[in-house]
Amino acid sequence: MEKIFSARDPSALNTETLEINFGPQHPSTHGVFRMNIVCDGETVVSLKPVMGYLHRNHEQIAENMSYAASMPYTDRLDYFNSMSNNFGYSLAVEKLANIEVPERAQYIRVIMAELTRLVNHVSVIGFLLNDLGAFFTPVLYAFREREKILDIFEEVSGARMMCNYFRFGGVKYEIQPHILQRIKEIVKKFPKFLEEFEALLSKNEILCMRCQNVGVLPKELAVSASITGPMLRASGVDYDIRKVDKYSIYGRFKFRIPLGEKGDVYDRYYVRILEMHESLKILDQALKDIPATGELVSKKMAPFLKSPRNFKPPVGEAYGRVEAPKGELGFYVVSDGTPQPWRYHVRAPSFINLTILEDMCLGHKIADVIVILGSVDIVLGEVDH
Amino acid sequence: MTPEEIKNKIQTALPGTALKWVRDTLLIENPQDLPKVANFLKTSEEFRFDYLSSVTGADYLQYLEAVYHLYSMEKKTGPFVLRARVGRDQARIPSLVPLYRGAEYQEREAYDTYGIIFENHPDLRRIFMWEGFEGFPMRKDYVQEDSEILEASDIEWLEKHQVQVPEGMKKRAEELKKQGRRAVAERPGQPEPQ
Amino acid sequence: MIFGSGVLRSMLITLKNFFTSYFKGPEEGGIFTVEYPETRLPEKERFRNFPFLVYDRNPENLRCVACDICAKECPPKCIYIVREFDKEGRPLKRPAVFDIDFTVCMNCGICEEACPFDAIYMDHEFEIAGPERQSRLLYHKDDLLKSNEYFHKIRPTDATAIDQQRREAEEKKKAAAEAAAKAKQPD
C-alpha cells in the first residue's frame, strides 16, 4: 500500500532537491552573473557560479595594441573604480620601464584613488541593502554623495566613470585649485553623511539579523583562497597592500587598517564603513601636503604622450598591484621590446573573491545567497574580463 | 636573502629538483616538482608564502608557461615568482588547488585561454568561453573567429542596405549555411572547409 | 536597548531626509536630481564625448592633413581615413574620406592627444541617438567638421592655449623662412 503523506510526519514526505538557475538576467546578481544552485527545500546544497557572459578577452585586446592604448580599456574592467584600475596598470608599466612619477602627480593619484574607494564602498553598501530588501532608499543616499565625487572626476578627467586619467609617469590633466577646494569641502562634509548612514543601518535590527553569522568566512580559508580587500580584512587578516607594499606615496600617510572578527556579512559591511573613515584621513593628509605646483608627467614620459606607439619598455616583466576597493588588483605585463606587450594579465579581485562563494553559501537559505553575493562586491566587467 | 641562497635552500630541502633563475624568478625545470616546491615554500618557517596572488599562463611560441606569484601574508614579504614550462602539445602541470584554494578559478582561466591542463584540478572546465568552444584564444597562433567570414544573414542585411559584398564572401557564407554552421575559426595549418 | 529601536531610528532618519529634500538645497541633502531635458547641469569644460574636426575660417580650410596617426592610435580602431589626391595623382594634405563610427568609439580622447596638428578634438555633444546605425551613427567628414569658434565656445581655455601655440609656431616658421630667404639673397 502507498504511504499516505502526513504533515505530522515529515520523514514520510517524498522529497527531492531542486535545481535553480539563478541569473544571468537577475537584478540581484549585480550584472550578468549566473549561479546553478541546488536546493533542498530552501537550503543551498550546491552552488556553481557560471561566468563569461561579459567576456571580451580584455587580455588579448591589450596584447594587440600599444601600452598606452589599453589604458581606456582598463577603465572598463571595474567600471565603478576606473581610477584604481588606471593606477594598477600604470604602476605595472612604470615598474617595467623604471619610470619615476613626479611628486605632485603622486599626490593627485592618491587623492583620486581614495575618492574612488569612497565611491565604491558607499555604493556597494547601498547595493547590499538593496539585496536585503531596503529597496533603493540607502542606495540613493549613497548616490547623492557619489554624485558629488563623480562631478569632481568629470571636471578633472572629462568623464564621470571612464576616466582614463592616469598616464605612465603621471596624470593627464592639471587639477586646479578650485577643484582641490571642492574636494576639501567634500572630505569635510563626508563624515556627517557617514554618521547618518551608519545610524540608519548599523544598529538596524533587520540588517543585523540578516547579516550577522551569515556567510562566515574563516581566516584560514580566506588566506588559502587568495581572498583580498575588505573581505579578507573582515575575516581578521591584517593585510592591506597600501601598508605592505607602500606603493606610490602611501608610506607617508597615517591610517589604520580596520579588521573584522568573524568574517560574516555584517563584518564585511562594517569594515567598509570603517575603511571609508580611514580613506578620509588619507585624503585629509594628502590635501594638506600636496605641492601647489609641479610636473604632472615625468620628463622621461612626456614625449610619449603625443606618440604612444613609440613607447617601448625594455625586455622584461613586472607585476604591479594596488589595493583597489575590491581587493588586490594586479597587472602582470611582459615586454619583448616592441610597442605591444607580449603578455598582459589582469588579476581581477572580484573574480578571485568568487572562488569561495560556494563554501560561504552552503547550508544557508537561498535568500542569504543574494546577501552573501552582495557582500563579496563583484563587478561583472572585472569578473568576466 | 640572495636569490642564489633561496635556490640552495630549496634544493637542500628537496634534493633532486632542478631549478634555474630566469629574470628574477624561479623556473622549475620539471613541472612535476611544482607542488613539492610550493608546499615547501608554503610550510617552511623561513618563507611562509601562504598567499598565492596570481596564476597565469603565457605563450612563448616554443613552450607554454605557467607563472605563479606568491606572497606571504604572515611575514608581509613577496613577491616570489615561480614558473613552469611545458611543451605546447603536452601541456600538463600539476594543480596547486590542494595547496591554495585560490588557484581554482585562476587555473581554470589559464586552461580556458592557454590550454594548460592542470592535473588533479577538482573541476577543470572552461570558465569564460562557452562549452564546445574550439581552440585556446590566448595562444599566439589562434586566429580570431569570424574575422573574415560573414554570416549569410549579415550579407542579406548588407545587401538590403546597398553595401557591396565580394562574391567570394557570399559563396563562403552560403556553403557554411548549407553545412548548418555559422562560422569557423581560420587557423593556419588546418584544412579549411571548402 | 529595546528590540526594534534601531528600526525606529532608521525610520526617523528616512523621515528627516524626506522632509529636508523639500526644504533644503542639494548641498545640504536636498533633491539633487535635475529634470533633464528642461533643466541641464552646467557643462564641464573637459567633458569629452565623440571627436570633431576643427577648421579655421571656412570648411575648406580644415587642419587635418590625413596623416593617419589618430587612426593608428585609436584603441578600438574606429577612425577611417583616405587621403585626397589631385588630378595628377599627387597626394594632397587633406583627407578625402574621414569616417568615425560612433558605435565603436569609446570617447577615450586618445585621438585628441595624439594629433600633432591640433585638428581633432573631443566634443561636448552627447545627445547622439539615431534609429539606424548606417545612416545616423556613422559620421562622415562633413558631419564631423566644426569651426574653431565652436571649439572656443565649448572649451575656451584649451582653445585659447592652442591658438596661442599655433600662432607662435607660425611666427617661428615665418621668421625661419625670412632668415632663410635673407641667407639666400647675397648669392
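Reminder, nothing fancy here: chain letters follow the sequence lines and each chain counts from 1.
Looking at A:Val383, only its backbone comes within 4.5 Å of chain B, counting heavy atoms on both sides. For B:Val55, the part lying under 4.5 angstrom from a heavy atom of chain A is the backbone only. Of the two parts of A:Leu232, only the side chain, counted from C-beta on, holds a non-hydrogen atom closer than 4.5 Å to a non-hydrogen atom of chain B. With a 4.5 angstrom heavy-atom cutoff, B:Pro79 does not touch chain A via any of its atoms. With a 4.5 angstrom heavy-atom cutoff, A:Phe351 touches chain B via backbone and side-chain atoms both. At a 4.5 Å heavy-atom cutoff, A:Asp336 makes no contact with chain B through either its backbone or its side chain. With a threshold of 4.5 angstrom between heavy atoms, A:Asn57 approaches chain B through side-chain atoms but not through N, CA, C or O. Residue contact with chain B, scored on non-hydrogen atoms closer than 4.5 Å, involves the backbone and the side chain of A:Val223 alike. Contact of B:Asp112 with chain A is not made at all, since no heavy-atom distance falls under 4.5 Å. For B:Glu109, the part lying under 4.5 angstrom from a heavy atom of chain A is the side chain only. At a 4.5 Å heavy-atom cutoff, the contact between A:Glu328 and chain B is made by side-chain atoms alone. For B:Arg126, no part lies under 4.5 angstrom from a heavy atom of chain A.
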Worked verdict on B:Thr77 versus B:Tyr71 for side chain to side chain donor-acceptor pair (under 3.5 Å): CA-CA 6 Å; B:Thr77 51; B:Tyr71 285 85; over 6 Å; no
A:Val38/A:Leu47 under side chain to side chain contact (heavy atoms under 4.5 Å, CB included): CA gap, chis, key distance, verdict: CA-CA 6 Å; A:Val38 180; A:Leu47 184 150; over 6 Å; no
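Between A:Lys243 and A:Asp238, no side-chain nitrogen of the basic residue sits less than 4.0 Å from a carboxylate oxygen of the acidic one, so the salt-bridge criterion is not met. Ion pairing of B:Glu159 with B:Lys170 is present here, as a side-chain N (NZ or NE/NH1/NH2) and a carboxylate O approach within less than 4.0 Å. Ion pairing between a basic and an acidic side chain is recognised when a charged N comes within 4.0 Å of a carboxylate O; A:Lys326 and A:Asp377 show such pairing.
Residues A:Tyr344 and A:His58 place their aromatic rings such that the two centres sit under 6.0 Å apart. Aromatic ring centroids of B:Phe136 and B:Tyr114 lie 6.0 Å or more apart. Under the 6.0 Å cut-off for aromatic ring centres, A:Phe33 and A:His26 do not qualify, their centroids lying 6.0 Å or more apart.
Of the listed residues B:His69, B:Gln106, B:Lys76, the one with more heavy-atom pairs under 4.5 angstrom with chain A than any other is B:His69. The choice from A:Ile352, A:Ile227, A:Val315, A:Ile356 that makes the most heavy-atom pairs within less than 4.5 Å of chain B is A:Ile352.
Taking the centre and axis of the six-membered ring of B:Tyr111, the NZ or CZ atom of B:Arg108 falls outside the cone set by 45° and 6.0 Å.
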